[in-house]
*Asks:* 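Have a look at this one before I ask anything.
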Amino acid sequence: MESGPLLLLLCLLPLVGAAVVAAVPARAAEAAKRLAVAVALATLAVAVVVALRFDRGADAPYQLADRYDWIPQFGVSLSLGVTGISVALVALTAVLVPLCLLASWDDGRASSRRPQTHLALMLALEGLILAAFCARDVFLFYVCFEVMLIPMYFLIGGYGGAQRSYAAAKFLIYNLLGGLVMLAALIGLYVESRGLPGAEDGTFDITTLATQLELGTTTERLLFLGFFLAFAIKAPLWPLHTWLPDAAVEARPGAAVLMVSVMDKLGTFGMIALCLPLFPAASVWARPVVVALAVVGIVYGALVAIGQSDLMRLIAYTSVSHFGFIIMGIFAMTSQGQTGATLYMVNHGFSTAGLFLIAGMMVTRRGSRLIADYGGVQRVAPVLAGSFFVAGLSSLALPGLSSFVSEFLVLVGTFTRYQAAAVVATLGIVLAALYILLTVTRTLSGPVRPETEGFRDLRGREAAVVAPVLAVIIALGFVPGPLIDVIDHGVDDTLASVSQDDPAPSVPAAPVAEGSPE
Amino acid sequence: MDPLNYLYLSAVLFAIGAAGVLLRRNAIVVFMCIELMLNASNLAFVTFARTTGTLDGQVAAFFVMVVAAAEVVVGLAIIVTIFRTRRSASVDDASLLKF
Amino acid sequence: MSTLAVEAVDGPTIEYAHLSPLIVVLGAAVVGVLIEAFAPRERRRALQLGLGVLALGGALVAVVALAGTVDVAAEGAVAVDGPTLFLQGTILALALTALLSVGERSLDPEGDAFAAQASAVPGSTAERTLTREGVTQTEVVPLYLFAVGGMLLFPAANDLVTMFVALEVLSLPLYLLCALARRRRLLSQEAALKYFLLGSFSSAFFLYGAALLYGYSGSLRLGGIAEAVSSSSSNDGLLLVGTALVGVGLLFKVGAVPFHAWTPDVYQGAPTPITGFMAACTKVAAFGALLRVFYVALGGAGWDWRPLMYGVAALTMVVGAVVAITQTDVKRMLAYSSVAHAGFILCGVVALDRAGVSSVLFYLVAYGFATVGAFAVVTLVRDAAGEATHLSQWAGLGRRSPLVAGIFALFLLSFAGIPLTAGFTGKFAVFEAAAQGGSPSLVVIGVLTSAVAAFFYAKVIVLMFFNDPLPDGPTVAVPGVGTTVAVALGAAVTVALGVVPQVVLDLADQAALFVR
Amino acid sequence: MEYLPIVALGAIALGFAVFSVVAGALSGPARYNRAKVDAYECGIEPTPQPVGGGRFPVKYYLTAMTFIIFDIEIVFMYPWAVHFDALGLAGLAAMALFIALICVAYAYEWRRGGLDWD
Amino acid sequence: MQELLADDPWWLVVGKAVALFGLCVVLTLFNIWLERRVVARMQHRSGPNRHGPFGLLQSLADGVKLGLKEDLIPKAADKVVFVLAPVLSVVPAFMAFAVIPFGPEVSILGERTALQLFDPSVGVLYVLAIASVGVYGIVLAGWASGSTYPLLGGLRSTAQVISYEVAMGLSFVAVFLYAGSMSTSQIVAEQQRLWFAVALFPSFLIYAVSMVGETNRAPFDLAEAEGELVGGFHTEYSSLKFALFFLAEYINMVTVSALATTLFLGGWRAPVPLSWWDGANEGWVPLVWFFAKVFLVMFVFIWLRGTLPRFRYDQFMALGWKRLIPASLAWILVVATVRAVTQSTDVSRQELLTVLGVALAVLLAGLLLWPSGKDDEARDGGDARATGATGPAGSGGGAAPAAAGPAFDPMAGGFPVPPLPGQQLPPAPPRVPAGAPAPGARTTEEEPRA
């Protein structure tokens with residue numbers, strides 16, 4: 001299908017927009033905000049076109065492919081293309097960014113900084129994230145993966161809470177360390193790829209590498225570990241998750257959403273799009289350990305979340321738990337598991353975005369992040385409370401809301417391979433119910449505390465932010481089919497590249513997967 | 001005489017110079033030790049010119065002399081300036097720059 | 001002597017055209033001395049700076065015109081080949097950029113960065129009088145040109161004596177330039193003393209090593225040594241010790257651990273524009289020479305020196321990065337960072353193949369421009385006592401002057417090796433060469449130390465952007481044209497080499513063949 | 001063996017010098033007097049001086065440095081002069097350039113008053 | 001010649017060395033006597049005439065007297081170096097003599113040999129090197145005395161010796177160029193046709209001047225300028241240690257005279273009319289010509305002392321650095337050009353000399369008319385001095401300002417005068433360079449505001 005430089009447009013639009021917004025003079029701050037949102041919406045429009053153009057029936061793993069030379073010296077090209085998985089995540093990104101911009105309408109004014117910078121950083125981040133999702137070139141992926149740390153770093157450190165510089169530094173060091181280890185593996189991969197047909201000097205092209213590269217066992221395992229470490233930090237997989245709560249808490253809600261809901265997906269995306277296809281044998285080798293870590297993460301995240309007194313921190317820990325599910329699904333290496341995991345990425349993105357954004361609004365009103373400081377919000381601000389409730393329910397995967405389908409698919413997919421893991425992970429669901437419901441009751445219901453009395457309900461801009469999120473949550477809960485189709489398209493390729501088939505069902509689980517509500 | 005003896009001598013001179021640089025504290029003495037090292041090199045050059053039957057070593061010695069002279073000029077300029085500022089030529093006194 | 005009398009000797013053939021960059025720069029330096037001698041005092045400064053810019057620019061043009069030349073010139077003393085021309089071009093471009101910063105006089109109310117008169121005792125009445133009269137030490141430019149001349153010759157030298165002479169021509173003016181800071185003269189003089197003593201110490205090592213290699217091979221020519229190395233199979237002690245000593249001398253100039261002790265002191269004490277020049281250009285020249293010696297002459301003995309070089313590279317990266325964390329002074333921090341960078345570049349040297357050369361060449365360009373730019377930025381941040389180099393004084397700089405702080409952050413990110421900056425491309429290139437050359441573990445060490453290094457770069461960024469400014473903190477001086485251009489050039493190259501490195505990578509790759 | 005003559009002469013001279021120093025110390029009277037072992041300053045109460053005499057004009061340093069430069073020049077000139085006929089015009093040109101370069105430094109020092117004493 | 005010397009048996013070598021040593025000592029005693037007699041004659045006195053015939057034993061008597069004097073070592077002195085210095089001074093003086101050729105091939109006890117102790121191919125270089133070692137004796141003597149006058153005297157003589165050594169060294173270049181060798185015997189052989197004093201007259205002139213400067217003799221005897229420095233570097237020496245310095249000085253005089261003879265005056269070869277006699281240059285006869293020439297030069301030394309007043313230090317240094325050196329360099333270039341051009345091209349010597357003569361005249365005129373560097377540059381030098389370390393009581397560096405304090409003027413009458421008890425040295429104002437250009441120049445009236 002002739003696509004033209006559609007993906008290039010998709011990636012460059014926010015980047016160019018960022019540059020333009022940054023150049024807007026200080027007095028035209030309001031215009032800059034509108035301009036930024038316009039850029040984000042335009043990007044969304046392009047993303048929609050991309051999604052519509054995506055052909056679920058096509059054979060090629062990458063669609064809308066596009067390729068420009070960049071550094072031929074290193075065999076690096078600007079080579080873009082989308083799989084089903086990427087399309088889903090591109091859509092997630094494109095939808096959430098305008099909302100985040102809206103949500104952080106006034107954040108840019110924090111600490112006497114130019115709001116333009118804030119907006120530009122967010123747009124730049126979007127561009128880089130989109131480019132990473134669309135990259136068909138490992139080098140390009142790595143570049144975006146690393147560079148996006150910088151805008152994120154400034155978003156946390158420049159505009160966050162009291163501990164922001166500590167949080168920002170922690171964020172940067174963890175991720176940079178991961179990234180640099182990945183760099184070592186990247187170089188190793190490149191060196192190993194020398195002499196492949198058509199790439200005497202080495203190549204970074206994912207397809208070529210995935211299909212033609214033969215690695216020695218040790219080399220493959222080492223390279224796998226290099227990549228996996230970076231992704232596990234980013235994702236965050238227990239026990240490498242400790243940077244996340246700090247960063248998410250200290251960042252402004254908009255930035256936190258960008259980080260947890262979108263950027264961190266690059267970790268899980270990387271696992272599914274790079275680790276598995278490039279290092280199939282090593283992935284299988286590491287599978288049990290990874291799944292075990294994921295399960296620990298699920299339970300640990302949930303347990304710690306229960307113990308939190310800080311609202312934002314609680315949400316951050318729920319994400320740790322959820323990322324455990326996603327990783328477990330990916331490494332189960334079953335079609336349900338991976339489809340579920342990918343779907344989970346999207347759903348988690350929206351539900352967490354909802355939680356962070358709405359919680360952020362509450363924090364802005366109350367001026368405190370402590371759960372104990374709230375109470376009876378539903379009396380004074382019923383719409384706000386309701387939205388929070390829905391987002392919370394989505395997070396605990398209530399049937400009918402988006403997360404349910406994905407969580408279910410993940411569990412089923414895992415169960416066919418690792419029954420014990422699936423069983424333990426189910427505990428996570430129970431715990432999720434606990435932490436969400438506890439939080440909801442503590443904050444929303446109960447007597448109205450004097451401090452919460454003046455709570456405004458959702459107003460125009462805030463409503464405009466929250467409404468789409470909730471709409472998507474509910475819509476995906478009821479109609480996940482089209483999305484699953486798209487995702488399946490990518491997942492099949494991935495599984496094929498790992499040469500993993502779904503294990504023969506030892507328990508009749510498969511029919512249940514089909515029975516997901518459509 | 002056996003040229004090896006000259007080599008031993010040059011090695012000993014070089015070692016003395018190096019040890020002097022590391023052990024002595026007076027800038028001028030340190031500096032003289034460095035010159036000693038250069039001259040040890042010259043001796044080695046000339047000896048090797050003899051053993052290998054080439055002239056390069058002797059030519060090298062000439063250049064080293066020039067360089068050593070230039071080094072003396074620059075080095076003493078610096079040491080004299082510091083001496084005038086601080087009235088001391090001890091390396092230990094120059095300790096504003098600390099790790 | 002009369003026994004050596006020979007029949008008529010033919011005059012040496014000197015390929016003047018091929019040596020034209022050297023001749024232009026050194027000739028200009030000589031003219032500079034004449035200007036000092038004969039031009040009236042008030043016109044000297046303008047003349048000198050004009051001469052300097054003209055000479056460096058002219059030499060750069062000459063280098064470009066020579067592109068592609070492969071020749072052993074001046075009776076085998078000077079090799080004009082790809083690496084030579086590439087490095088000479090780099091050095092000239094960097095020196096030109098740094099000269100703009102050296103010539104800056106609008107930052108300090110008392111004049112430029114250099115002492116009114118080097119011989120005046122700091123704090124004396126004489127010095128105050130001179131300062132009031134606006135006297136400047138214009139000898140800076142000829143000295144600078146001599147140093148550049150030495151740097152041009154250093155990587156081109158094809159025999160060990162020429163290399164030694166180049167080393168000294170490069171070093172001696174630098175020792176003097178280090179002592180010339182207008183502010184903090186004591187520190188500056190002390191830096192010069194340390195630099196001088198340690199520098200001469202290391203040159204002596206180099207020289208003795210050269211003597212031993214000469215004794216081993218009977219030739220001072222690198223090619224002759226290479227022949228001797230390849231023809232003899234035994235592990236001759238002279239070769240080993242000679243290699244080690246020559247290595248010590250070169251590694252000292254490069255600033256590799258354990259020969260790095262001078263770096264922080266000298267970088268801190270020297271006048272900042274000179275620090276920038278020295279940090280960038282010396283490193284370029286010294287790595288050029290290191291490559292030439294170890295690749296051309298001692299390439300055949302790779303089995304002997306590579307393990308050692310490997311160890312030095314690892315140690316350099318680790319020590320540079322770890323010690324930098326504890327630094328509280330910007331210039332010292334950059335100094336230790338330069339040590340760490342020397343380690344990264346050494347990774348490329350260890351590779352001992354063409355990719356190693358080209359990656360080192362590229363890294364040097366990337367590092368050089370970021371360094372010149374970074375030190376030029378350091379000259380801008382000032383308080384009443386001159387430059388404010390203590391890190392605590394930099395707190396909140398991002399609020400006061402987002403542009404300057406942003407550019408400095410860009411340089412730091414490049415040092416840290418963040419993608420889309422020159423530093424990343426360079427790091428990728430050297431690590432790739434090292435991995436290809438069979439030292440993957442070096443890559444891992446390099447990557448981990450990069451993370452450590454990133455920590456202290458991030459610390460500075462945090463300080464600049466996320467901390468509140470001190471109430472009586474330093475201000476950012478409005479730079480004159482020279483510094484502005486220098487900083488802008490540094491930033492532009494840093495970004496360009498990160499985003500579209502292809503041209504320079506290609507150049508480096510084409511240039512990566514030594515003439516033998 | 002080649003150097004025996006100067007070794008012999010040097011030994012004789014050294015023996016004589018040492019003998020003189022020792023003999024001078026032994027032969028003369030030794031009558032202690034505080035003023036005699038003080039530094040001689042034409043009868044003025046001597047200013048205490050460290051060995052090395054403390055500080056002296058920087059001028060001497062300049063002279064010494066200039067001397068070194070010219071001495072090195074001479075070092076290069078001698079072999080050139082001895083083999084002048086073999087070197088021919090190329091040798092002449094090289095030496096002319098060399099002298100010209102030295103003269104540049106020389107002119108600088110001269111103009112800057114490095115050769116002036118007062 | 002070298003071959004001839006190479007197979008000398010050991011007894012001959014030792015014998016020659018002893019003879020040379022004796023010769024040095026005797027010549028010294030004789031020269032001291034000669035100097036006193038000649039100078040006395042020039043001043044219409046009679047000089048020493050009591051001891052021995054014509055007072056010839058006067059010097060010996062003086063030496064013995066010195067030996068019986070008390071040998072003092074000042075308490076501020078560095079003992080070891082103080083004792084070492086005279087030894088360091090006198091040994092090189094003896095050794096420098098080794099390469100002088102006294103005559104042609106002779107037969108001693110049946111052994112064919114040359115009248116020369118040692119003939120290396122770098123003979124003249126050897127003399128220069130050994131002479132440089134002798135400088136250590138002077139500077140260390142001044143340094144080790146632990147006293148002001150000797151220190152300054154030592155520095156002065158060192159500066160003087162090295163200053164004139166450059167000119168001396170340059171004057172040799174032309175000789176080597178013509179002789180094609182640095183061996184003394186070879187150089188003598190090359191002068192068979194024409195003395196270099198004639199062929200290279202400017203070189204000879206330069207050598208003659210610098211030889212006097214090199215040996216610290218009048219009119220260049222500034223190191224021992226009694227009026228300024230008491231006795232110079234050997235102020236604190238007495239007894240035989242002092243005698244050693246004295247000995248070294250006179251041997252050095254003989255050495256430079258002998259060198260002048262060897263390099264410029266044809267060495268042991270007979271002068272022109274006498275050389276027509278065949279036997280003049282054979283056997284032991286040439287010793288006569290040699291010593292005649294040496295004493296001629298010695299006489300000039302003495303003559304100078306008897307005639308000329310002492311130079312001022314700055315005049316002396318200016319002569320060395322600003323006149324002799326440029327002249328030497330120019331002369332070397334002229335000689336080299338003439339020789340190279342006549343040998344490698346067909347340009348005739350006359351044409352060439354004309355061209356060069358004109359060029360040289362222009363150059364010299366330029367040099368003479370050149371401003372002496374005293375315009376705005378004087379300030380640089382002045383500053384260097386002003387900020388330079390000044391000697392005790394501000395008298396050493398010549399940095400004392402011209403400002404006249406009402407109570408005490410340290411520069412009254414143009415001489416630096418240390419303050420007497422009760423007098424205070426006025427605080428040194430910043431240097432106001434003499435003749436500084438008007439802009440920025442500050443007058444002393446402004447000073448209080450500084």
Side-chain angles (χ1 to χ4, degrees), chain A residues 22 69-76 111-114 117 128 139-150 153-154 156-160 164-192 194 201-202 219 222-223 226, chain C residues 355 358-359 362 396 398-399 402 406 409-410 413 416-421 424-425 427-438 440-455 457-459 461-463 465-468 498-509:
Chain A
D69 272 350
W70 184 19
I71 318 180
Q73 192 82 39
F74 298 148
V76 174
S111 56
S112 73
R113 237 170 258 278
R114 279 159 37 102
T117 317
L128 292 167
F139 190 91
L140 176 62
F141 177 85
Y142 174 78
V143 166
C144 300
F145 189 79
E146 282 289 270
V147 173
M148 72 180 62
L149 298 179
I150 301 308
Y153 175 63
F154 280 97
I156 300 171
Y159 301 92
R164 61 179 189 274
S165 64
Y166 165 74
K170 197 169 176 184
F171 160 81
L172 188 71
I173 296 309
Y174 266 77
N175 283 285
L176 210 55
L177 178 68
L180 286 167
V181 172
M182 179 171 160
L183 174 62
L186 186 73
I187 291 168
L189 184 68
Y190 178 60
V191 170
E192 288 292 330
R194 293 254 159 114
D201 286 339
T219 321
L222 285 175
L223 295 183
Chain C
S358 76
S359 67
F362 182 86
R399 310 275 170 81
L410 171 72
L413 292 177
I418 301 294
L420 295 187
T421 60
F424 169 72
T425 322
K427 227 171 239 179
F428 183 86
V430 289
F431 287 162
E432 193 258 317
Q436 182 71 27
S441 50
L442 208 51
V443 177
V444 174
I445 298 172
V447 156
L448 293 178
T449 48
S450 293
V452 177
F455 175 73
Y457 297 125
K459 208 174 72 176
I461 296 181
V462 166
L463 200 68
F465 286 96
F466 306 156
N467 285 17
D468 290 321
V499 178
V500 279
Q502 187 50 39
V503 182
V504 180
L505 278 174
D506 266 346
L507 264 180
D509 191 49

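Excluded from the calculations below are hydrogen atoms, water molecules and symmetry mates; all remaining heavy atoms, backbone and side chain alike, are included. Below, chain A is the first sequence line, B the second, and so on; all start at residue 1.
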*Asks:* Restricting to side-chain hydrogen bond (donor to acceptor under 3.5 Å, both in side chains), what partner residues turn up for Tyr142(A), sequence neighbours left out?
*Replies:*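 Checked Tyr142(A) against side-chain hydrogen bond (donor to acceptor under 3.5 Å, both in side chains); matches are Glu146(A).
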*Asks:* Using the six-membered ring wherever Trp is involved, compare the ring planes of Phe139(A) and Phe428(C) and label them parallel, tilted or perpendicular (cut-offs 30° and 60°).
*Replies:*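 Ring orientation of Phe139(A) relative to Phe428(C): perpendicular.
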*Asks:* As an exercise: rank Ile71(A), Asp69(A), Leu172(A) by heavy-atom pairs under 4.5 Å with chain C and give me the winner.
*Replies:*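 Answer, by heavy-atom pair count under 4.5 Å with chain C: Ile71(A).
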*Asks:* Which bit of Ile150(A) is near chain C, if near means a heavy-atom gap under 4.5 Å: side chain, backbone, both or neither?
*Replies:*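 The side chain, not the backbone.
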*Asks:* Please verify the inter-ring angle class for Phe141(A) with Phe145(A); under 30° counts as parallel, over 60° as perpendicular, anything in between as tilted.
*Replies:*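 Because their plane-to-plane angle is under 30°, the rings of Phe141(A) and Phe145(A) count as parallel.
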*Asks:* Based on non-hydrogen pairs under 4.5 Å, which of Val452(C), Leu448(C), Thr421(C), Leu420(C) is most in contact with chain A?
*Replies:*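 Option with the greatest count: Leu420(C).
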*Asks:* Looking at Lys459(C), Lys427(C), Gln502(C), which one has more heavy-atom pairs under 4.5 Å with chain A than the rest?
*Replies:*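 Of the candidates given, the most pairs with chain A belong to Gln502(C).
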*Asks:* For Leu463(C), is it the side chain, the backbone, both, or neither that has a heavy atom closer than 4.5 Å to a heavy atom of chain A?
*Replies:*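 Leu463(C) has no heavy atom closer than 4.5 Å to chain A.
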*Asks:* Identify which part of Ile418(C) has an atom lying under 4.5 Å from any heavy atom of chain A, answering side chain, backbone, both or neither.
*Replies:*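 Side chain of Ile418(C) only, per the 4.5 Å heavy-atom cut-off to chain A.
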*Asks:* Heavy-atom distances under 4.5 Å only: say whether Ala434(C) touches chain A with side chain, backbone, both or neither.
*Replies:*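 Contact with chain A is absent: no heavy atom of Ala434(C) under 4.5 Å.
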*Asks:* Between Phe362(C) and Pro501(C), what is the shortest heavy-atom contact and its length?
*Replies:*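 That closest heavy-atom pairing would be CZ-CB, 3.9 Å.
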*Asks:* Among Ile461(C), Val500(C), Thr425(C), which residue forms the greatest number of heavy-atom pairs with chain A at distances under 4.5 Å?
*Replies:*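 It is Ile461(C).
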*Asks:* Go through the steps for Leu505(C) and Phe74(A) under the test side-chain contact (heavy atoms from CB on, under 4.5 Å), then give the verdict.
*Replies:* CA-CA 9 Å; Leu505(C) 278 174; Phe74(A) 298 148; 3.7 Å; yes
*Asks:* For Phe465(C) and Ala409(C), which heavy atoms make the closest approach, and how far apart are they?
*Replies:*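 Result for this residue pair: CE1-CB, 3.8 Å.
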*Asks:* Under 3.5 Å, which donor-acceptor pairs do the side chains of residues 176-189 of chain A form with other protein atoms, sequence neighbours left out?
*Replies:*
none

*Asks:* Which region of Phe154(A), side chain (C-beta onward) or backbone (N, CA, C, O), has a non-hydrogen atom less than 4.5 Å from a non-hydrogen atom of chain C, or is it both or neither?
*Replies:*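 For Phe154(A), the contact with chain C is made by backbone and side chain together.
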